[in-house]
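Have a look at the structure below before the remarks.
We name chains A, B, ... by the order of the sequence lines, and we start the count at 1 in each one.
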Amino acid sequence: MRASSYFAPTLREVPAEAEIPSHKLLLRAGYLRKLGAGVYTYLPLAWKVIRKMEQVLREEQETISSVEMRMPTLVPKELMEETGRWGLDVVYKLQDRRKADFALGFTHEEVITDLARQELRSWRDLPVMLYQVQTKFRDEPRPRGGVIRTREFLMFDAYSFDRDVNAMDGSYKAQRTAYERFFQRIGLQYLIVDADGGAIGDLDNQEFMSLADAGEDTVLSCDACSYAANAEKCPVNPPADTDGATTASMSDVHTPNARTIDEVSTFLGTSPSAFIKTLIYAADGKPIVVLVRGDHTVNDVKLARIVGASELELAPESMVTAVTGAPVGFAGPVGLSGVPVYADHAVTVLKNAVTGANKADYHVTGVAAGRDFTWTTVADIRVAEDGDSCPMCASGTMRTTRGIEIGHIFKLGDKYSKAMQLDVMGEEGKPQAIQMGCYGIGMSRSLAAIVEASHDKDGIIWPISVAPFEVTLIVAARQDDAQYAAADAIYRDMKAAGIDVYFDDRDERAGVKFKDADLMGCPIRVVVGKGLATGVVEVKQRGVDGLDTVAVADVIDHVKQLRQRLLDELKPVTEHA
RNA sequence: CGGGGCGUGGCGCAGCUUGGUAGCGCGGGUGCUUUGGGAGCACUAGGUCGCAGGUUCGAAUCCUGUCGCCCCGACCA
């Protein structure tokens with residue numbers, strides 16, 4: 001492709017809307033433009049990268065006998081109602097001219113399951129694994145980070161159908177391997193972490209995380225074993241009972257205007273870890289009391305699962321007052337009754353704690369768990385933190401990092417097949433529910449994740465497997481006839497040799513073309529310039545210091561070798577089972 | 001949805017406190033010079049200051065409302 005006829009508008013200055021590196025660079029280098037909040041146009045460069053990613057993905061899906069198809073974006077309301085997902089906030093809804101309701105597809109379990117229940121009859125039809133790459137629509141409460149979280153985005157989604165749990169496990173493992181190889185081949189480092197399945201399912205599910213400061217998720221990984229988990233999932237070991245014997249006795253202390261843990265601990269000169277944080281939640285509209293240690297944070301995802309609530313939020317002020325008899329900021333477990341109390345493990349071993357007195361401007365000290373208050377349920381309900389002991393091995397310590405969720409794989413079991421009567425005739429002549437799995441990759445988000453992971457101050461550095469072009473060919477002085485003729489010949493030879501080359505033949509100063517080449521980020525740069533007088537051109541690798549001076553006659557071979565070396569570096573290390 | 005911030009030529013910003021009819025840099029066009037890391041000079045085009053009301057002789061500037069966008073949080077299948 002010649003730059004003179006391409007469309008890659010670069011920007012010298014960073015648009016004010018961008019904060020994170022991938023967003024800034026994708027805008028500046030001419031990959032993306034915003035149409036509205038969380039709605040982006042993918043310019044030719046970005047689309048080419050995505051198509052290359054898709055190609056790698058297709059190859060990996062092919063090897064596990066996963067078959068590409070395409071489902072509609074318009075999904076009838078009736079289908080969504082079968083699983084109860086029509087009412088979700090993220091669903092975009094619209095009506096046709098006859099006032100029939102549709103959702104814009106935000107994931108396709110309903111559609112694929114509907115198809116499967118019509119077409120799959122016998123256990124002999126299984127297994128089946130189907131996938132598509134399609135635009136998904138989600139009315140996100142807050143799009144962010146450019147293309148990290150958008151309302152319209154490109155997603156790969158796959159679905160497996162198996163005759164029993166064992167076979168489903170096999171499909172799950174096959175997809176996990178395909179995912180590993182895919183991410184390895186597109187040059188994206190990842191961590192596989194245990195995750196919470198949210199509304200989609202609570203069986204085994206794992207996320208592929210690209211570690212990045214701009215990530216929205218907190219990931220904990222063990223420094224001794226291979227265990228890693230999303231913070232919303234990561235279990236916390238119960239603490240040792242180290243407070244010793246109960247000695248102190250309770251007394252009320254006047255704490256005027258001190259409501260937060262920081263304020264009260266400063267006022268009393270105690271540590272936040274000696275506090276019992278008492279939170280009133282509304283669980284499906286009914287109040288519950290939640291106790292965690294003052295220096296801990298409630299994990300709402302864990303809590304919702306333990307309580308079994310579908311809607312869980314901090315209680316409104318009126319409910320807090322009704323439960324505690326005090327203004328917000330002075331709640332404590334002592335003397336509370338008639339409300340279920342959920343206590344985190346760490347609270348139940350406190351022997352000399354501070355907590356709210358359930359009256360304005362008073363706290364209680366010397367509180368002992370079990371003696372001065374009790375609970376209805378004790379469980380793991382706090383967020384795991386950096387420094388916690390590993391829940392899986394004896395010696396490890398958990399460390400936190402930020403991650404971008406680039407893929408998520410789920411075992412669904414019979415959740416959707418039961419809800420939608422998806423069964424087949426089994427070997428024994430009786431109907432049996434199909435065991436499903438579903439698997440997603442955020443294609444547009446992965447694009448951003450690569451840029452987050454691979455850039456420098458000058459621009460993007462693409463892995464060669466997904467770079468929009470393998471080579472940027474620059475003619476330093478377009479108006480120099482000899483240079484242009486030589487560059488043009490090299491361009492033709494490269495194309496003939498099957499090299500994907502971007503020929504910057506614009507009549508711009510050399511500096512402009514160098515800057516744009518760095519921004520765009522193609523991994524190999526060839527410059528035809530001053531050296532041509534002595535019959536040589538320059539070959540440089542993006543992001544690597546130094547360059548090779550190569551005779552014009554050797555440049556094609558040289559580039560092919562470099563290309564092969566770069567591709568070899570991306571060879572997947574994970575083998576299919 | 002809660003908190004914070006921002007809407008002024010294509011992009012980045014100043015002007016707003018203290019009202020007087022809009023300015024700078026980059027980018028665009030033309031010409032000349034220049035030509036290996038975002039060139040120089042000259043000329044030039046381009047803005048109902050997000051929108052709607054209001055106050056005022058007069059509003060980018062003050063008031064009210066509204067829409068949009070960004071960040072933090074909530075949320076995130």
Side-chain angles (χ1 to χ4, degrees), chain A residues 9-20 23-24 27-30 33-39 80 83-85 87-91 103 105-110 136-146 148-151 153 155 157 159 195-203 205 207 214-217 230 232 297-298 300-301 304 311-314 316-317 404-405 407-410 412 415-416 438-440 442 445 457-459 474-480 483 504 506-519 525 527-533 537-538 540 547:
Chain A
T10 56
L11 301 171
R12 292 194 186 210
E13 290 178 278
V14 188
E17 70 200 45
E19 285 211 347
I20 64 172
H23 192 194
K24 287 179 181 172
L27 290 172
R28 279 195 63 207
R33 288 295 182 265
K34 185 179 70 180
L35 186 58
V39 182
M80 303 295 296
T83 53
R85 298 208 290 186
L88 297 181
D89 292 340
V90 296
V91 180
F106 68 105
T107 174
H108 278 74
E109 282 79 10
E110 286 85 358
K136 296 287 195 269
F137 296 86
R138 293 183 192 175
D139 189 0
E140 292 286 349
R142 182 150 95 83
R144 72 179 90 187
I148 297 273
R149 177 170 293 276
T150 55
R151 299 191 294 174
F153 59 98
M155 180 171 160
D157 49 324
Y159 305 87
D196 184 273
I200 206 161
D202 52 7
L203 299 179
N205 68 97
E207 291 167 333
E216 300 180 284
D217 292 277
N230 191 312
E232 64 185 24
T297 306
V298 175
D300 289 349
V301 175
E311 270 188 56
L312 184 75
E313 54 188 9
L314 276 173
E317 204 169 328
I404 301 170
E405 182 191 341
H408 202 157
I409 55 178
F410 298 82
L412 297 175
K415 176 177 170 140
Y416 291 86
C438 70
Y439 317 90
R445 182 183 279 181
K457 64 175 173 47
D458 295 316
I474 290 176
V475 51
R478 170 71 176 77
Q479 70 290 347
D480 180 318
Q483 274 189 28
D504 196 342
R506 292 175 301 167
D507 189 11
E508 290 282 354
R509 296 167 65 87
V512 172
K513 291 189 263 197
F514 288 138
K515 288 288 185 187
D516 276 351
D518 286 347
L519 258 184
R525 189 186 79 188
V527 177
V528 179
K530 285 175 176 166
L532 187 67
V537 298
E538 292 164 14
K540 183 177 184 307
L547 49 78

Over how many whole Å does the gap from [X] atom [atom1] to [N] atom [atom2] extend?
X: A:L314; N: B:C1; atom1: CG; atom2: C1'; value: 14 Å
X: A:N205; N: B:C76; atom1: CG; atom2: P; value: 14 Å
X: A:E109; N: B:A77; atom1: CD; atom2: C1'; value: 7 Å
X: A:D89; N: B:A74; atom1: CG; atom2: C1'; value: 12 Å
X: A:F106; N: B:C75; atom1: CZ; atom2: P; value: 18 Å

Counting Watson-Crick and G-U wobble pairs only, both distances under 3.5 Å, name the nucleotide matched with [N], or none.
N: B:C62; answer: B:G54
N: B:U18; answer: none
N: B:A39; answer: B:U33
N: B:C69; answer: B:G5
N: B:G28; answer: B:U44

Whole-angstrom distance between [N] and [M], as gauged at atom [atom1]:
N: B:G5; M: B:C49; atom1: P; answer: 24 Å
N: B:G7; M: B:G12; atom1: C1'; answer: 14 Å
N: B:C67; M: B:C24; atom1: C1'; answer: 29 Å
N: B:U21; M: B:G37; atom1: P; answer: 45 Å
N: B:G23; M: B:U18; atom1: P; answer: 24 Å

Task: Per-nucleotide protein contact string for nucleotides 30-38 of chain B, where B marks a base within reach and S marks sugar-phosphate only (heavy atoms under 4.0 Å, - for neither) - done: ----BBBBB
Output the distance between atom [atom1] ([X]) and atom [atom2] ([Y]), rounded to the nearest 0.5 Å.
X: A:M80; Y: A:E110; atom1: CE; atom2: CD; answer: 4.5 Å
X: A:T107; Y: A:L88; atom1: OG1; atom2: CG; answer: 11.0 Å
X: A:L412; Y: A:Y439; atom1: CG; atom2: OH; answer: 7.5 Å

Open item on the list: If the test is side-chain hydrogen bond (donor to acceptor under 3.5 Å, both in side chains), which one of A:D157, A:N205, A:N230 qualifies with A:H408?
Closed with: A:N205
Open item on the list: Base, sugar-phosphate or nothing for A:P141? Non-hydrogen atoms, less than 4.0 Å.
Closed with: base
- [ ] For A:G84, report the nucleic acid contact type (base, sugar-phosphate, nothing); a contact means any heavy atom under 4.0 Å.
- [x] nothing
Open item on the list: By nearest heavy atom, map A:P143 and A:E232 onto RNA chain B; which one lands nearer the 5' end?
Closed with: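 Whichever sits nearer the 5' end wins; that is A:P143.
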TODO: Would you kindly compare A:V90 and A:E19 by the position of their nearest RNA chain B nucleotide and give the one closer to the 5′ end?
DONE: A:E19
Task: Quiz item: A:E13 side-chain donor-acceptor pair to B:G25 base, under 3.5 Å - done: yes
- [ ] Looking only at side-chain atoms of A:R142, point me to the closest of B:A74, B:C69, B:C76.
- [x]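 Nearest to the side chain of A:R142 among the choices is B:A74.
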Open item on the list: Quick check for you: among B:C13, B:C69, B:A77, whose closest atom lies nearest to any side-chain atom of A:A16?
Closed with: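 Comparing B:C13, B:C69, B:A77 against the side chain of A:A16, the answer is B:C13.
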Open item on the list: Can you tell whether the side chains of A:E109 and A:K415 come within less than 4.0 Å, N to carboxylate O?
Closed with: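 No, this pair does not count.
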Open item on the list: Minimum heavy-atom separation for A:L312 and A:D300, please, with both atom names.
Closed with: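 Looking at all heavy atoms of both residues, the shortest contact is CD2-O, 3.8 Å.
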